[in-house]
Colleague: 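Below: one structure in structure tokens.
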Amino acid sequence: MSARVTRTVSSPAGRSLASSRVRGNLVPQDKGAIVLDIGHVHTKLGVSGEPAPRYIVKSEVLMKPYGEILNVWDDKYINREELYLILCRFLHKVFLEYLIINPREYRIVIIESIVSPLNFRNTLAKALFIHFSVPHVCFLPHPSACLFSLGSSTALLIDIGLKETSIVPVFEGVSLIRSIMQTTTSTSSLHSSLQLLLHEHCQVKNIANGDIHPLSDNKDLELTSSTLSNIIMQTCFVRSLDFGDATPPDVCFPINAQFSLIISGLVRCHVADILFEGCDGDVSLPISLVESLLLCPIDCRSQLCENIVVVGGSASLPGLNYRLLEEIRLLCGNSRYQCLDALKFKFHELHSHPNYTAWQGASIIGAVESAILERSITKEDFKLLDYHLPDWMSCNSQNWGSLQQVSPQKIPSSQPGKVIQTVKSGFEQ
Amino acid sequence: MASIPLALEYKRYVLYLCRCSGLVGIESLYFCRHCKLLRCMDCVSVQIDGTCISCPSCNDSVPQTDAKAKKFRCTHCYQCPMCTTPLATRFVQLPPPPGKSESAPDTSSGKTDASPTKEGTGESTALTPKTSKRLSLTPSSLKSPGSTKMYYLFCTSCHWTTREVDIPDKRSLLDFKEKPHPFQDRYKALLSYYKDLDLYERVSSQNMSRQVSGRKPRPFSSLLDTSKYKKDPEVQRVVKQVQSVALSAKDPVRLPDSYYTEPVDVSSLTTIQQKLLDPSHQPSHVKDLWPHPLPLISRKTIRCRGCDHILLKPDVNVNLVRFKIQHVAIQVVPRIRLINVPKLTLGEPSLVPVSITSPVSYSMTISFNQLSSSKKLKEILCPAVIPEGSFVLKSLDDTSDLLDDSSQSVSLGADQSDYVLSSEPGRIVLKFGAIPSREDIDAKIGFEVVFSYEPLIEADRDPGVTELTVPVIINCGHSFA
């Protein structure tokens, strides 16, 4: 792949450039890759070859001149043109404020969910290629990234995100697309469950005069989502089924200078039950896990069961894995899941914090230069594809080249679906 | 990228419309004297200036290669893991060890334990290591030649100290360096494993490509899949090796009973924000916190996207707040300000007084056009009454105060005096009008400002370009029925 590294020295203005400036396709050998995992709440950012991200920051950006703070995944903008500007501002912050690097000198590895919205991917690629003129971008699927950090090729991945939980079985490196299960039972359902329980069972203590009254009486006290996640992470845990009805002691949680919340023990151990009961009519975690297993080929099941990996922000809840195992065992008594009863369920103990497991895997593979260059899309390829990203990155530049030879002008600009079709037929040849 | 206080950004009355259809304040507009175009911060290319990387706390300039090796963090400034304030450095002077060097630090730190709280109030401004050094012991012990300095860190904002979390005092500030990642060895093993695997894969695929023309693209799964090397003993050896370091799946552990019985003290636990300040360790208890090296900051060079000329180049000296090259709109574009927030009546033309200031040293001719706006803009704008004809703004002269006003003021056409509220050299206040059409949104008027442009440098002079145009949108505030 080193043949692709070309050097362009002259600038459009005809001046010779300072040696510090790099233009065109030049990717120096030693610089490594920038690895970005843009999550719904936090973005993990860092440089390849390092075991942990340099920063974990909120996926938010201040939009001047209006002073609005916007999340990059804001529902309002996810399918609109404004997303380009939001992403440009956000990436500007990431590259120039946090990482202090010139993005055009690095290759970029983006970790993407397999179900990320098309417009978001395309706009992100546009922002990187057009606004930041980066030479190579590699979109690494989330399950592959997780497996690279594990060092194994088979796993049953459970990724608990903010809005949805996805269960992806990966067997010998191949994601079993048909067996993927998605459920909305996730961190946000934990939040809504906590809010409900707090209003039912918790009391507010006025620090100044010691008055105690129920939270439901105090309408103006608003619990933000960051307060809720702090309450969950600091005080709550997942109750194991065999412990019975024991109630842990209450906890005093200060909200602001004026009030503190007295969180009853009942709330502390029952808030995570929502993950095992299902929320908003969607299935619970254990059911979607065993359903996903039923959809897997029968020969893969035993290996997958012995390699369960739980990642995502909420995966660090104490006792989650144990309860999951208990619930699966209960379900196996059901006649529908009886075929799974003989299987052994084992959970991987992660050697990174579960909120950056995927990032760590991408950082490993980002350091393997040839592997990334081969599987990434270049600026020229992206232009050739009429600014539409293909569905996967497992294609090298030779295929783009052959595509160009076959139909240089035939790619219609208004029909992205057709582009993908043309690309796909290009691969099959 | 001018750093304007946020409060100013929140309520803007006058905004300039950039070519990229972004609305910006004038301080975010750059002027490229080669393209003769105004560019906002979204249509310029911003780059890190490798020579201007510095620490925001100690102002030390750090070369780019050094900074990169230290992951763009300062080597001797630290930030508080509780509140991210830069930590102040304190030291205690130890008497020469009388033989038992181990017990010496204990006694002296016990002696000075009370001092931080006493000193804390007087030293709130001391942030850099240079200024915050303070002697804590009696002068007699200082004079002894063999005495050593022991440093500890102290937060002037939340009073967190490194002593609080049982980090012993260090001989040098460099000793507070970050703890390594807990699974660093395993990470390195995996890294070399995948590098080897990739090499094997490429070698074998090159062999293949000799036989079969045209290589098939490989997905990421091909790197994970080791089953295809079953017959290759060398690969199998590497795979087994990595599997020994890689984790093995276990039965999950049941939570200890202490979770159900022991009370939780929230103040001893870290918040998520505090955890994420240190991504590699993410300590969940306050006692595990460790000072983080302070992130460095960098100045940026800004270039025109069209012609690649530099628009803004900072000074190399980090202590100087000035620019080597600076081409911004404020130097060229007339500054437009709303004199006061007008009283608007719904459906009726209302007076909007607007002041226009010329920043240039030549006489500037200004005229106004109706905004040929897009549909989107027309929805938010209300009809505007705009002064007709052109106005000449004479240059602002230092001696103008001494001379007679009439000779220096704005030269006007026949009917134009109706539009002028007041005028002085370099500045004119004109009457604009707004006809608010909706009550629910702020009344906004838009117009184009056409102004003359004469470059200072002869080389930039272009007979084709003598005037520039910039669209301006003014928010006139609420209207009342």
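These numbers come from a predicted model, not from an experiment.
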Colleague: A:Ser226 and B:Gln273: which non-hydrogen atoms are nearest, and at how many Å?
Modeller: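 Closest heavy-atom pair between A:Ser226 and B:Gln273: CB-NE2, 3.9 Å.
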Colleague: Counting only non-hydrogen atoms closer than 4.5 Å, does A:Tyr98 touch chain B with its backbone (N, CA, C, O), its side chain (CB onward), both, or neither?
Modeller: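 For A:Tyr98, there is no contact with chain B at all, as no heavy atom is under 4.5 Å.
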Colleague: Pick one of side chain, backbone, both or neither for B:Ile297, based on which atoms fall under 4.5 Å of a heavy atom in chain A.
Modeller: backbone
Colleague: Is the closest side-chain heavy-atom distance between B:His181 and A:His351 below 4.5 Å?
Modeller: no
Colleague: Answer yes or no: is there a side-chain heavy-atom contact under 4.5 Å between A:Trp359 and B:Pro279?
Modeller: no
Colleague: Does NZ in A:Lys93 sit with more than 12 non-hydrogen atoms of other residues, nucleotides or ligands closer than 6.0 Å?
Modeller: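 Yes - once you tally the heavy atoms of other residues, nucleotides and ligands closer than 6.0 Å, there are more than 12.
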Colleague: Counting heavy-atom pairs under 4.5 Å to chain A, which of B:Ile53, B:Asp265, B:Thr270 comes out on top?
Modeller: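 Going by pairs under 4.5 Å, I would pick B:Thr270.
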Colleague: Less than 4.5 Å to any heavy atom of chain B: does that hold for the side chain of A:Pro254, its backbone, both, or neither?
Modeller: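 For A:Pro254, the contact with chain B is made by the side chain alone.
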Colleague: Under 4.5 Å, counting heavy-atom pairs only, tell me which of B:Asp198, B:Leu269, B:Val239 racks up the most with chain A.
Modeller: B:Asp198
Colleague: At a heavy-atom distance under 4.5 Å, which candidate from A:Val170, A:Asp250, A:Asn355, A:Leu325 has the highest pair count against chain B?
Modeller: A:Asn355
Colleague: Most heavy-atom pairs under 4.5 angstrom with chain B, which of A:Pro141, A:Gly49, A:Pro103, A:Ala155?
Modeller: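 Of the options given, most contacts go to A:Gly49.
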Colleague: Mind checking the SG-CE spacing from A:Cys88 to B:Met41? Nearest 0.5 Å is all I need.
Modeller: 10.5 Å
Colleague: Quick check for you: among A:Ala371, A:Cys252, A:Gly361, which has the greatest number of heavy-atom pairs under 4.5 Å with chain B?
Modeller: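 Greatest number of close heavy-atom pairs with chain B: A:Ala371.
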Colleague: Pick from B:Leu197, B:Asp278, B:Asp251, B:Thr271: which one has the most heavy-atom pairs with chain A under 4.5 Å?
Modeller: B:Thr271
Colleague: Using a 4.5 Å cut-off on heavy atoms from C-beta on, say whether the side chain of B:Leu223 contacts that of A:Val368.
Modeller: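 SC-SC contact between A:Val368 and B:Leu223 ruled out.
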Colleague: As an exercise, state the distance from OH of B:Tyr193 to CD1 of A:Ile364, rounded to the nearest 0.5 Å.
Modeller: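 Separation between the atoms: 11.0 Å.
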Colleague: For the atom pair OH (B:Tyr259) and SG (A:Cys269), what is the distance rounded to the nearest 0.5 Å?
Modeller: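 Between atom OH of B:Tyr259 and atom SG of A:Cys269 there are 13.5 Å.
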Colleague: Report the C-alpha distance between B:Asp42 and A:Arg89 in whole Å, list the side-chain angles of each, state the deciding distance to 0.1 Å, and finish with yes or no for salt bridge (Lys or Arg N to Asp or Glu O under 4.0 Å).
Modeller: CA-CA 8 Å; B:Asp42 290 315; A:Arg89 297 266 178 97; 2.8 Å; yes
Colleague: Taking all heavy atoms of B:Val264 and all of A:Gln234, pick out the closest pair and write down the distance.
Modeller: CG1-O, 4.0 Å
Colleague: Does NZ in A:Lys344 sit with more than 12 non-hydrogen atoms of other residues, nucleotides or ligands closer than 6.0 Å?
Modeller: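 At most 12 heavy atoms, drawn from other residues, nucleotides or ligands, come within 6.0 Å of this atom.
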Colleague: Working to the nearest 0.5 Å, report the span between CD of B:Gln282 and CE of A:Met233.
Modeller: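 Here the rounded value is 10.0 Å.
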Colleague: How long is the straight-line distance from CD of A:Glu50 back to CD of B:Gln184, given to the nearest 0.5 Å?
Modeller: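 These two atoms lie 9.5 Å from each other.
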Colleague: Is it the backbone or the side chain of A:Leu324 that comes under 4.5 Å from a heavy atom of chain B, or both, or neither?
Modeller: neither
Colleague: Hey, does the side chain of A:Asn230 reach the backbone of B:Ile272 with a donor-acceptor pair shorter than 3.5 angstrom?
Modeller: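 Yes.
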Colleague: If you compare all heavy atoms of B:Leu190 against all heavy atoms of A:Gly151, which two are closest, and at what distance to 0.1 Å?
Modeller: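 Of all heavy-atom pairs spanning B:Leu190 and A:Gly151, the closest is CD2-CA, 3.5 Å.
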Colleague: Does any part of the side chain of B:Arg73, heavy atoms only, come nearer than 4.5 Å to the side chain of A:Arg54, both counted from C-beta?
Modeller: no
Colleague: Of the non-hydrogen atoms in A:Val251 and B:Val266, which two are nearest, and what is the gap between them?
Modeller: CG1-CG2, 3.3 Å
Colleague: Which residue out of A:Glu306, A:His131, A:Arg268 racks up the most heavy-atom pairs below 4.5 Å with chain B?
Modeller: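 Most heavy-atom pairs under 4.5 Å with chain B: A:His131.
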Colleague: From B:Arg305 CZ over to A:Ile130 CD1, what is the distance, rounded to the nearest 0.5 angstrom?
Modeller: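 B:Arg305 atom CZ to A:Ile130 atom CD1 measures 9.5 Å (nearest 0.5 Å).
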Colleague: Could you tell me whether A:Tyr55 atom OH has more than 12 heavy atoms of other residues or ligands within 6.0 Å of it?
Modeller: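 For A:Tyr55, atom OH is crowded (more than 12 foreign heavy atoms under 6.0 Å).
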Colleague: Between B:Tyr260 and A:Phe237, does the ring centroid distance fall short of 6.0 Å?
Modeller: yes
Colleague: Below 4.5 Å from any heavy atom of chain A, which atoms of B:Thr261 appear? Answer side chain, backbone, both or neither.
Modeller: backbone
Colleague: Taking the side chain as every heavy atom from C-beta outward, state whether B:Phe183 and A:Gln360 have any pair of such atoms under 4.5 Å apart.
Modeller: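 Answer no - side chains too far apart.
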Colleague: Looking only at heavy atoms, what is the nearest atom pair of B:Lys195 and A:Ala367, with distance?
Modeller: CE-O, 3.6 Å
Colleague: So does A:Arg375 pair up with B:Glu201, basic N to acidic O under 4.0 Å?
Modeller: yes
Colleague: Return the minimal non-hydrogen interatomic distance between B:Ile48 and A:Asn102, and the atom names on each side.
Modeller: N-OD1, 2.6 Å
Colleague: Report which part of B:Glu262 has an atom under 4.5 Å of a heavy atom belonging to chain A: side chain, backbone, both, or neither.
Modeller: backbone
Colleague: Name the residue from A:Ile365, A:Leu147, A:Thr154, A:Leu150 that meets the side-chain contact (heavy atoms from CB on, under 4.5 Å) definition with B:Leu224.
Modeller: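 Single side-chain contact (heavy atoms from CB on, under 4.5 Å) partner of B:Leu224 among A:Ile365, A:Leu147, A:Thr154, A:Leu150: A:Leu147.
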Colleague: Check whether A:Val238 gets within reach of chain B through its side chain, its backbone, both or neither, counting any heavy atom under 4.5 Å.
Modeller: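 Looking at A:Val238, just its backbone touches chain B.
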